[in-house]
Colleague: 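One structure is given below, represented as structure tokens, and several questions about it will come after.
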Amino acid sequence: MATFLYRIGRWAFRRRRLVLGLWLGALVLAGVAAATAPAGQDEDLSMPGTESQKAFDLLDERFPQSNSQGAEARLVFQAPDGRRVTAGENKAAVEDALGSLDGSGQVASTTDPYETGAVSEDGTIAYSTITYTADAVDLTGPTKSALEDAASQARDAGLTVEIGGSALEAEESPGGTTEIIGVAVAALVLILALGSLAAAGLSLLTAFAGVAIAFGLVSALAVPLGLTSTVAILALMLGLAVGIDYALFITSRFRDELAQGSEPEEAAGRAVGTAGSAVVFAGATVFIALAGLGVVGIPELTKMGMGGAGAVALAVLVALTLVPALFGFFGRRIPSRAVRKATRPGSGRPHPVPTAAGRPGLGARWARLVLRRPVTVLMVAGLGLGAVALPALSLELGLPGDESKSVETTQRRAYDLLSEGFGPGFNGPLTVVVDMSESADTPATTDLVIETVRGVDGVASVGDPVLDRTGDTAVLTAVPRTAPNSGETKDLVHAIRGAVSGVEADTGAGILVTGTTAMNIDISEAMSDALIPYLTVVIGLAVLLLMVVFRSVLVPVKAALGFLLSVGAAFGVLVAVFQWGWAADLIGIEQTGPVMSLMPILIIGIVFGLAMDYEVFLLSRMREAYVHGASPGEAIVNGFRHSGRVVAAAAIIMISVFAGFIGMNSPTIQTMGVGLAAAVAFDAFVVRMAIVPAVLALLGHRAWWLPRILNRVLPNVDIEGEKLSRHVPASVTEPDAVVPRLPAGRR
């Protein structure tokens, strides 16, 4: 692999204008495709095979017209000072506001709360349901303005009015203040780490190019593939983070090669052949883990995984081709000013010169400290992560609704008003679908189902049945007494399903419980069931891939256990913040609740690949020194001397990028930002920087042991670029100033 990538790096350097032109063309095409494509629509989550999804599918079949409606809005009215909303002047204000919507564009229907009984028992709160002929993303500005004007009209009459439903929902879009701050921090870290504006700008420029193409492609494919705004934001988040990191790793190696005396073209080839090999492996692990999310069986999760995987694949391609091409344009401006000054003609110091990585620095000093106290470091780091992970034992999964939004939003205030007037379960009604196509007496069956559901403890009310055209399918609405995301409502769904099973046996009818709340419960349970199998697959993949890369048995096992520690600690942070409310005010979370059910598996898939990034970049230098004759301790110090600073900078960059998305209003993106930022921090600075060298120090030579049978069976990917010395001139190979070479038999 190293030799092949070496040739790619040199080719891209020589044909830099062609490579740059091709990427600019791809960028323009992606931008044009995104600009001309219609906007996508955020779809409800689905879980094929679950009872709730089967019920939705049956409703689509038996009630096609009612299930093809567009967006929906709820105007919620509250009378002032405890007065009744049915009072003459208040009723007139409500009717006038609703009347202003009749006949307006895109409005399909408007319900009268006084005719439909949508008034609370105390008469203080009422609501009207407005349906539209178009989906939320297709509603025009005048249509939304008319809805807001109707609310303002009633407010002017003295009523409290809030708007719920999907009509005012807006897709999340990047570009907020926190994202800009995150990118600014990443830029500052790059400048400090590389000591060159040209090198820092190159890393940012290439990352932005890859992200722009990925974002454009996701936007262009939103409608044909059903991609949501969350998919686009995940692609942006991942593409930006790994794009900067991959460019940083290759640029850092290019600078080292220049400082050791290589010509720019040769340095580009060797940088891509060595660091580029690690980039390919790291990118492949992220891609496989994200693409593997498709096995869970949730279409939205599959789309998020494929969108993120595509962005990572683009980042790898950019790093292997565009980065070395830009080396050709920037040339010797890539090294730091000190190195450029030392290698300038007439400076009195012809290259090679010592690289920054070669001088005894903080990384080497830290490695020696760990070597002196490996047990202490291992105990402190391991117990610390274990303590942070303890809250994960209380992990509860769910899906966020309007209750998780800020109280500054009208949707959240509408949710609270409806809960106050009609009970907490009103916002999460359950839908009971009765298929009586095999039932002999449909009226009796319907009555029996209604009686059975009403008799279940926790049901507040059951509405009148709605029949399809043929009369063999009935739909009932059961309102729980408890809130949608409460544990009692989850138990109620199971209780209803258990109670109606006897009715099915007696009547031959098929009875399914669905609704948004039931669907959320089914998805959360499916996620919990899939978590351990998916984690097992990911851990198995990690062990296998690292065994191939490092020709070792114990190194992969150690890496997998460290990965589990960092993921467990990240889950502990999610529980502490989003369930328990610790530091929730700092990131704008006003309502605690279950962690979004998709997050654990999604974070595992992403962090797995990112953890392998740091493992590969740090340990590849250690193994390179070890196979050239260094002792285990010297190899550890060598790895930190060459890669510690770069890995630390890459981790800070990635944390900054992920943390920059915490400020978005979407609970999904907030949870993702907190979880990924925490996981990267724990994995890079605790696991890879502390636990890894401590364990390697304790294992000694045993860390690099591989049974002979595995040595023969496993392919040799040469990720350190050992074979490059056979394909490049001896005058430009990097001298080993740290350890002596041993005979080939040692290798």
Side-chain angles (χ1 to χ4, degrees), residues 1-16 19 194 196 198-199 202-203 206 245-283 316-336 339-340 343 350-358 549 616-625 627-628 638-639 641-643 646 716-739 741:
M1 178 187 292
T3 304
F4 173 71
L5 293 178
Y6 164 80
R7 292 169 180 161
I8 289 180
R10 294 195 62 171
W11 175 85
F13 186 96
R14 290 195 306 268
R15 303 295 181 89
R16 48 189 173 272
V19 173
L194 297 174
S196 166
L202 182 149
S203 299
T206 54
D245 275 9
Y246 293 166
L248 170 62
F249 289 132
I250 293 178
T251 302
S252 178
R253 188 62 182 247
F254 175 74
R255 286 153 49 92
D256 284 351
E257 297 294 337
L258 284 180
Q260 291 297 330
S262 297
E263 290 300 317
E265 181 179 331
E266 185 64 33
R270 292 183 63 83
V272 175
T274 52
S277 297
V279 165
V280 169
F281 170 79
V316 171
L317 290 176
V318 167
L320 297 180
T321 56
L322 184 57
V323 169
L326 292 182
F327 288 161
F329 290 102
F330 287 92
R332 296 193 180 275
R333 284 177 290 176
I334 298 296
S336 64
V339 174
R340 292 200 305 270
T343 57
H351 50 247
V353 299
T355 64
V549 170
V616 169
F617 286 111
L618 196 57
L619 266 73
S620 59
R621 286 284 193 160
M622 295 182 190
R623 182 175 183 274
E624 185 176 352
V627 299
H628 284 90
N638 187 75
R641 177 184 292 115
H642 285 281
S643 300
V646 177
N716 188 352
V717 296
D718 185 28
I719 201 167
E720 301 89 1
E722 294 178 60
K723 297 179 181 178
L724 279 182
S725 58
R726 309 173 193 172
H727 298 273
V728 299
S731 60
V732 296
T733 56
E734 179 178 335
D736 193 326
V738 180
V739 294
R741 293 181 181 268

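Everything numeric here is computed off the predicted structure, so don't read it as measured data.
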Colleague: For Phe4, does the CZ atom sit with more than 12 other heavy atoms under 6.0 Å from it, leaving out its own atoms?
Modeller: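 Result for CZ/Phe4: open.
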Colleague: With heavy-atom distances below 4.5 Å as the criterion, would you say the side chains of Glu257 and Glu266 are in contact?
Modeller: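 Not touching, per the 4.5 Å side-chain cut-off.
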Colleague: Can you give me the closest heavy-atom contact between Arg253 and Thr274, atom names plus distance?
Modeller: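 Arg253 and Thr274 have their closest heavy atoms at CG-OG1, 3.4 Å.
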Colleague: Between Arg16 and Phe13, is NZ or CZ placed under 6.0 angstrom from the six-membered ring centre and within 45° of the ring axis?
Modeller: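 Yes, Arg16 sits over the ring of Phe13.
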Colleague: If the test is salt bridge (charged side-chain N to carboxylate O under 4.0 Å, His left out), which one of Arg10, Arg15, Arg7 qualifies with Glu265?
Modeller: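 When salt bridge (charged side-chain N to carboxylate O under 4.0 Å, His left out) is applied between Glu265 and each of Arg10, Arg15, Arg7, only Arg10 qualifies.
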Colleague: Backbone N or O of Ala247 within a donor-acceptor pair of the Thr251 side chain at under 3.5 Å?
Modeller: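 Between the backbone of Ala247 and the side chain of Thr251 there is a qualifying donor-acceptor contact (under 3.5 Å).
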Colleague: Of the non-hydrogen atoms in Leu202 and Phe330, which two are nearest, and what is the gap between them?
Modeller: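 Closest approach of Leu202 to Phe330, heavy atoms only: CD1-CD1, 3.8 Å.
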Colleague: Between CD1 of Ile250 and OG1 of Thr206, what distance do you get to the nearest 0.5 Å?
Modeller: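 Output value for this atom pair is 9.0 Å.
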Colleague: Tell me if a side-chain donor or acceptor on Ser277 pairs with a main-chain N or O of Gly273 at a distance below 3.5 Å.
Modeller: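 Pair found, side chain donor or acceptor close to backbone of Gly273.
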Colleague: If you draw a 6.0 Å radius around CZ in Arg14, do more than 12 non-hydrogen atoms from other residues or ligands fall strictly inside?
Modeller: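 Enclosed.
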Colleague: Can you name the closest pair of heavy atoms from Tyr246 and Ala319 and give their distance?
Modeller: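 Tyr246 and Ala319 have their closest heavy atoms at CB-CB, 3.9 Å.
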Colleague: Does some side-chain heavy atom of Trp11 sit less than 4.5 Å from a side-chain heavy atom of Val19?
Modeller: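 They are in contact (side-chain heavy atoms under 4.5 Å apart), so the answer is yes.
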Colleague: Evaluate the side-chain proximity of Val272 to Tyr6: yes if any heavy-atom separation is below 4.5 Å, no if none is.
Modeller: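 Contact flag for Tyr6/Val272 side chains = no.
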